[in-house]
Peer 1: 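Here it is: the structure, laid out below.
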Number of protein chains: 2
Amino acid sequence: MTAPSPGATPSAAATGPDPVFAALADPTRRQILQAVGGRGDATATELAADLPVSRQAVVKHLQSLAAAGLVGSERVGREQRYRLTPAPLDEALRWMVDVGAAWDDRLDRLRRQFDR
Amino acid sequence: MTAPSPGATPSAAATGPDPVFAALADPTRRQILQAVGGRGDATATELAADLPVSRQAVVKHLQSLAAAGLVGSERVGREQRYRLTPAPLDEALRWMVDVGAAWDDRLDRLRRQFDR
DNA sequence: CCAACGTGCAACCATTGGGTTGCGAATGTA
DNA sequence: TACATTCGCAACCCAATGGTTGCACGTTGG
């Protein structure tokens, strides 16, 4: 998944899953992520219209998301348009899958040892 | 993945991906999660020995994780043993995959429309 | 039985974080 | 040119959070 998604600078893609998890922690931020993904393109003002928070709050959230490399922005005229760059999700995803997998492995090993 | 994992009560599994994402936000908490998964079984005191924080801090983290349904605990003698219950990870995982997928769909649609 | 160990509870502290408001600067439009 | 948007910056507020310490209560083993 997640082709390089051209256009929109990824704004310093921040290494490691840390910032991604941190970014995903907030419900509003996840909502914003979904919204900008669904629209394909959005400004802070547009997003704020559909949310119970101020534009400035949305801006801050978008900055967090940008810091995690989950969105990129591009200035067009007098507005700043954001778009999704979901690549960093992969790393976080992998982390979770690994934890689950390691656990299942352990269960398997125990089970096998028990069957013997 | 993530079989029901018997034993150890899931401690009120909390609905929705919210508590899971919240739980995963903290690096120490993720470390604890990995540690308890790797050992298969651990107490707060044991975990604290390998971490740069106090036992009480670990206890608090374990409570967060339990609230998210990611660990279950079981009292054995005078110690409280925690174990991984990674099932709730699935929901969070799905959320992320969905966001990524929706985005890829949009890209595809745009590309197809452009080719025409 | 008593000492040692491990847990659980509570108070407290400092920092982070989400949110708001206000304002000045840049850009598009009548 | 004058007006209306839209943005970006800064200051400020309050609640949540990660962390600590101290202490009292069960449990185990010599």
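All values below come from the heavy atoms of this structure, side chains included, with hydrogens, waters and symmetry mates left out. All chains are named by letter (A, B, ...) in the order of the sequence lines, taking the proteins before the strands, and each is independently numbered beginning at 1. All of these numbers come straight from a predicted model, not from anything done at the bench.
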Peer 1: Are side-chain heavy atoms of A/Glu74 and A/Gln80 found at a separation under 4.5 Å?
Peer 2: no

Peer 1: Which letter, B, S or -, goes with each nucleotide of nucleotides 24-30 of chain C from 5' to 3', with contact meaning a protein heavy atom under 4.0 Å?
Peer 2: ---BS--

Peer 1: Just to be sure I understand the geometry, which residues of residues 27-35 of chain B put a non-hydrogen atom under 4.0 Å away from DNA chain D?
Peer 2: B/Thr28, B/Arg29

Peer 1: Under the rule for side-chain hydrogen bond (donor to acceptor under 3.5 Å, both in side chains), what residues qualify as partners of A/Asp18, not counting sequence neighbours?
Peer 2: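 A/Asp18 satisfies side-chain hydrogen bond (donor to acceptor under 3.5 Å, both in side chains) with B/Arg30 once adjacent residues are dropped.
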
Peer 1: Write out all pairs satisfying side-chain hydrogen bond (donor to acceptor under 3.5 Å, both in side chains) with one or both partners inside residues 32-42 of chain B, taking only residues at least two apart or from two chains.
Peer 2: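 Qualifying pairs: B/Arg39-B/Asp50, B/Asp41-B/Arg81.
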
Peer 1: Rounded to the nearest Å, what distance is computed from the CD atom of residue A/Glu74 to the P atom of nucleotide D/dT6?
Peer 2: 18 Å

Peer 1: Apply salt bridge (Lys or Arg N to Asp or Glu O under 4.0 Å) to A/Arg94 and list each qualifying residue two or more places apart in sequence or on a separate chain.
Peer 2: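 Residues passing salt bridge (Lys or Arg N to Asp or Glu O under 4.0 Å) with A/Arg94: A/Asp98.
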
Peer 1: Donor-acceptor check, side chain of B/Thr85 to backbone of B/Gly69, threshold 3.5 angstrom: yes or no?
Peer 2: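 At least one qualifying donor-acceptor pair exists.
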
Peer 1: Near DNA chain C, counting only heavy atoms under 4.0 Å, which residues of residues 49-65 of chain B show up?
Peer 2: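 Output list: B/Arg55, B/Gln56.
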
Peer 1: Output every pair passing ring-ring contact (aromatic ring centres under 6.0 Å, His included) with a member in residues 71-96 of chain B, not counting sequence neighbours, ordered by first then second residue.
Peer 2: B/Phe21-B/Trp95

Peer 1: Using side-chain hydrogen bond (donor to acceptor under 3.5 Å, both in side chains) as the criterion, list what pairs up with B/Arg106, not counting sequence neighbours.
Peer 2: none

Peer 1: Donor-acceptor pair, distance only, cut-off 3.5 Å: does the side chain of B/Glu46 make one with the backbone of B/Thr43?
Peer 2: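 The answer is yes, because a donor-acceptor pair under 3.5 Å joins these two groups.
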
Peer 1: Please tabulate, for side-chain N and O atoms in residues 55-67 of chain A, each donor-acceptor pair with protein atoms closer than 3.5 Å (sequence neighbours left out).
Peer 2:
unit_1, atom_1, unit_2, atom_2, d
A/His61, ND1, A/Arg29, NH1, 3.4
A/Ser64, OG, A/Lys60, O, 3.3

Peer 1: How many whole angstroms separate atom CG of A/Asp18 from atom P of D/dG18?
Peer 2: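 Computing the A/Asp18:CG to D/dG18:P distance gives 13 Å.
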
Peer 1: For A/Ala35 and A/Leu47, which heavy atoms make the closest approach, and how far apart are they?
Peer 2: CB-CD2, 3.7 Å

Peer 1: Holding to salt bridge (Lys or Arg N to Asp or Glu O under 4.0 Å), I want the full list of residues that pass it with A/Asp26, two or more places apart in sequence or in another chain.
Peer 2: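 A/Asp26: no salt bridge (Lys or Arg N to Asp or Glu O under 4.0 Å) contacts found.
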
Peer 1: At under 4.0 Å, does any side-chain N or O of A/Gln80 touch on OP1 or OP2 of D/dG8?
Peer 2: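 Result: yes.
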
Peer 1: If I take atom CG in residue B/Leu24 and atom P in nucleotide D/dG18, what distance separates them, rounded to the nearest angstrom?
Peer 2: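 Roughly 12 Å, once rounded to whole Å.
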
Peer 1: Nearest whole Å is fine: how far is D/dA16 P from B/Asp26 CG?
Peer 2: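 Atom-to-atom, B/Asp26 to D/dA16, this comes out as 18 Å.
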
